[in-house]
Amino acid sequence: MGWAFVGPFMVVFVLVFIAPVLYAFYLSLFQNQMVGGDKFVAGANYLQALSDPQFWDSVTRVAVFLVVQVPIMLFLALFAALALDSGRLRASSFFRISVFLPYAVPAVVATLMWGFIYGPRFGLFGSLNDFFGLDLPEPLSSSWVLAAIGNINTWEFTGYNMLIFYSALKVIPAELYEAADLDGAGTFRVIRSIKLPSIRGAIGIASIFSVIGSFQLFNEPNILKALAPNSISSYFTPNMYAFNLSFAGQQFNYAAAISIIMGVLTVVVAYIVQISGSRKDA
Amino acid sequence: MSVHLSPAQAEAAATLPAPSPSPASKPPKFPAPKFSARRRGGVTRKRTSILLTVLMGVMAVYALLPLFWLIVNSTKTQSSLFSSFGLWFSSDFALWDNITGTLTYNDGEFLRWLANTVLYVVAGAGGATFLATLAGYGLAKFDFPGKRGVFAVVLGAVAVPGTALAVPTFLMFSQMGLTNTPWSVIIPSLISPFGLYLVWIYALEAVPTEVLEAARVDGAGEFRTFFTISLRMLAPGFITVLLFTVVATWNNYFLPLIMLSQSTWYPLTVGLNSWNAQATTAGGEAIYNLVITGSLLTIVPIVGAFLFLQRFWQSGLSAGSVK
């Protein structure tokens, strides 16, 4: 009887999750020839990707992004969650909802908005430069654009992660605090010895999904490209590379191989994050 | 997509089992108690910290400033966008003209995109919520062969990056003749592993097995019991899932971008981006004032829904995050 309830979900699930993965793997084993159509090439696409400087360029870029942006965002989120949970804030529900609000804004709108704000012509940076006679760096120049994208992502997702941490903090049993109180533990001691260990699980989840998100970076750079065409290449991130290979270059087989490599790489890195996370806790 | 969790991935964020669930974090009673009534993080009442309030104030300003910028600049004409200070209103108040302009530009394609978005939300999010509720309930209340397998496969697949799926899904759909139709956007939206997970957890507690047994004794069919009795008990979980899938489909960009090549079926997100991009194409008209006003109009309903239904999504997140 259970299958009658689970069945409809599973049918669609197989169609939109399982089948594409298998199909991508199948595609990645072929190459399209000018003459003679598709030819089975086994691992040739994978070998090509591993020695493709554009591919590695994009991977390096998201790796840098991950190492810098994810810790900043999670630290801000953790700080905000602890502040909300401390009971020492005035108007804490106002802060909770304001910091979370950007999550409801579509990535497209968030990127357009920040893109305009960054822009030298009618953006805020332009206004500030004119007004104060400053010479702030241009956020959309090629040396700053990755940081500019990092800021958009931080803006969008700090509040979401904050709520995850905050929800986890909320369910810490009161007895733990009472015990700490009896021991005369101070605020920071309570944070270090009770709060942080208790929300380890939530921090782990947030880290893993931030890692996955970084590797998938696409929307923001792809939209920003219209405002900063010279700073964002077609292989800015692995996801953009696969997208452009497919839809601008018609190289579907090669794009499929890149997608599979990124999938495997993401799982490996997420796994490493999880392992190192739980070791630190031990 | 983005830490970069897109809404869809963010949903997924709640689905993996915690790497090392601490003994201290018990699953909250669902729906979680209202936040105002909850216990604060300490035992005794504490003094307000000015430093902490100021620091949180800075974060709130950071979060709200771009939205303020958007509101201010949607009141400006194209030329005063360039000539006036970004964070304050200019002398001419053009909001109503901009709204009219947005709604009527190119034979009112914005309204068409709005209708498309509503279609995708109703069919995609509604369908996803329905399928997830049915399946989550099935997992929670029935034992059947392959149940563990279902759970393992669904959880495992969530870890597969959407990227790896997008291009092959497009190719598959294009061979099935589904690209450039609303189906290509709706069908992939129908799966919400987060929703499945949430309803599963919720149904374990909310629907007592005795009630189902009583209904069976009375000779009611399982589906009849589901629709007449269980669904009502599942309502809070159902609404939470609905809200999050609505956000995910309303904000969806990558999927429709790949699937649709003609603007007829665009949702608002892809349409807005095409308006913005047309300024950089040869002979394209720059309509930044309409892009900005259109952006504002796009977020008003979804931000409104979030504010209005706070209670639901907050309890939904607490249910998902600690497990």
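Basis for what follows: all heavy atoms, side chains included, without hydrogens, waters or symmetry-related copies. No experiment lies behind these values; they were computed from the predicted model shown. To find a chain, count down the sequence lines: A is the first, B the second, and so on, and within it residues start at 1.
In this structure, the portions of A:I223 lying under 4.5 Å from any heavy atom of chain B include both its backbone and its side chain. Heavy atoms closer than 4.5 Å to chain A are found in the side chain of B:V291, but not in its backbone. Interface remark: A:A91 contributes no atoms to any contact with chain B (heavy atom separation under 4.5 Å). With a 4.5 Å cut-off on non-hydrogen atoms, A:L27 touches chain B through its side chain but not through its backbone. For B:I50, no part sits under 4.5 Å from any heavy atom of chain A, backbone or side chain. For A:A256, no part lies near chain B; criterion is any non-hydrogen pair under 4.5 Å. Proximity to chain A (any heavy atom under 4.5 Å) is shown, for B:F130, by neither the backbone nor the side chain. Both the backbone and the side chain of A:A19 come within contact range of chain B, with heavy atoms under 4.5 Å apart. Interface remark: B:L196 contributes side-chain atoms only to the contact with chain A (heavy atom separation under 4.5 Å). In this structure, no portion of A:N253 lies under 4.5 Å from any heavy atom of chain B. Within the 4.5 angstrom heavy-atom criterion, no atom of A:I152 approaches chain B. Both the backbone and the side chain of B:T53 come within contact range of chain A, with heavy atoms under 4.5 Å apart. Proximity to chain B (any heavy atom under 4.5 Å) is shown, for A:T154, by both the backbone and the side chain. With a threshold of 4.5 angstrom between heavy atoms, B:Q175 approaches chain A through side-chain atoms but not through N, CA, C or O. When heavy atoms are compared at a cutoff of 4.5 Å, B:Y62 approaches chain A by way of both its backbone and its side chain.
Taking B:L257, B:L65, B:T133 one by one and counting their heavy-atom pairs under 4.5 Å with chain A, the maximum is reached by B:L257. Of the listed residues (B:D143, B:L171, B:L139, B:I302), the greatest number of heavy-atom pairs within a distance under 4.5 Å of chain A belongs to B:L171. With chain A as partner, the option from B:L134, B:T298, B:L64 having the largest number of non-hydrogen pairs under 4.5 angstrom is B:L134. Chain B forms more heavy-atom pairs under 4.5 Å with one residue of A:G2, A:A226, A:P221 than with any other, namely A:G2. Interface remark: of the candidates A:V12, A:T111, A:T237, A:I149, A:V12 forms the most heavy-atom pairs closer than 4.5 Å to chain B. Per-residue counts of heavy-atom pairs under 4.5 Å with chain A were compared for B:F226, B:F173, B:W250; the largest is that of B:F226. Heavy-atom pairs under 4.5 Å with chain A peak, among B:L296, B:I187, B:V270, at B:I187. The candidate with the highest count of non-hydrogen atom pairs below 4.5 Å against chain B, out of A:T158, A:I258, A:I261, A:V16, is A:V16. For the set B:A277, B:G57, B:A132, the count of heavy-atom pairs under 4.5 angstrom toward chain A peaks at B:G57.
With rounding to the nearest 0.5 Å, the separation of NZ in A:K225 from CG in B:N273 is 12.0 Å. Atom CG of A:L15 is separated from atom CE of B:M176 by 5.0 Å, given to the nearest 0.5 angstrom. To the nearest 0.5 Å, atom CG of residue B:N251 and atom OH of residue A:Y103 are 8.0 Å apart. We find the CG-CZ distance between B:N73 and A:F116 to be 9.5 Å, quoted to the nearest 0.5 Å. Atom OG of A:S98 is separated from atom CG of B:L67 by 10.0 Å, given to the nearest 0.5 angstrom. Considering CE of B:M56 and CE of A:M162, their distance stands at 6.0 Å, rounded to 0.5 Å.
Between B:T269 and A:V108 the shortest heavy-atom distance is O-CG1, 3.4 Å. The minimum heavy-atom distance linking A:V109 with B:L70 is given by the pair CG1-CD2, 4.5 Å. The heavy-atom pair separating B:A63 from A:W155 by the smallest distance is O-NE1, 3.0 Å. The nearest pair of heavy atoms linking A:F9 to B:I191 is O-CD1, 3.5 Å. B:L131 and A:P8 make their closest contact through CD2-CB, 3.5 Å (heavy atoms, listed as atom of the first residue, atom of the second, distance). A pairwise comparison of heavy atoms in B:A60 and A:F94 identifies CB-CE2, 4.3 Å as the closest pair.
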Check the pair A:V6, B:F144 against side-chain contact (heavy atoms from CB on, under 4.5 Å), reporting the backbone distance first and the verdict last. CA-CA 10 Å; A:V6 180; B:F144 54 93; 3.6 Å; yes
Evaluate the side-chain contact (heavy atoms from CB on, under 4.5 Å) criterion for residues B:F254 and A:N222: first the C-alpha distance (whole Å), next the side-chain angles of each, then the deciding distance (0.1 Å), finally the verdict. CA-CA 10 Å; B:F254 191 37; A:N222 192 51; over 6 Å; no
Run the side-chain contact (heavy atoms from CB on, under 4.5 Å) check on A:M113 and B:W69 step by step: do they pass? CA-CA 8 Å; A:M113 223 158 55; B:W69 181 92; 4.1 Å; yes
Take A:S86 and B:L52, measure what side-chain contact (heavy atoms from CB on, under 4.5 Å) needs, and give me the verdict at the end. CA-CA 9 Å; A:S86 70; B:L52 218 47; 3.5 Å; yes
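For the pair A:W3 (side chain) and B:P145 (backbone), a donor-acceptor distance under 3.5 Å is present.
Here the side chains of A:F79 and B:M59 are in contact, with some heavy-atom distance below 4.5 Å.
The aromatic rings of A:F218 and B:Y253 are tilted relative to each other, their planes meeting at an angle between 30° and 60°. Ring geometry for A:F247 versus B:F170: interplanar angle over 60°, hence perpendicular rather than tilted (30 to 60°).
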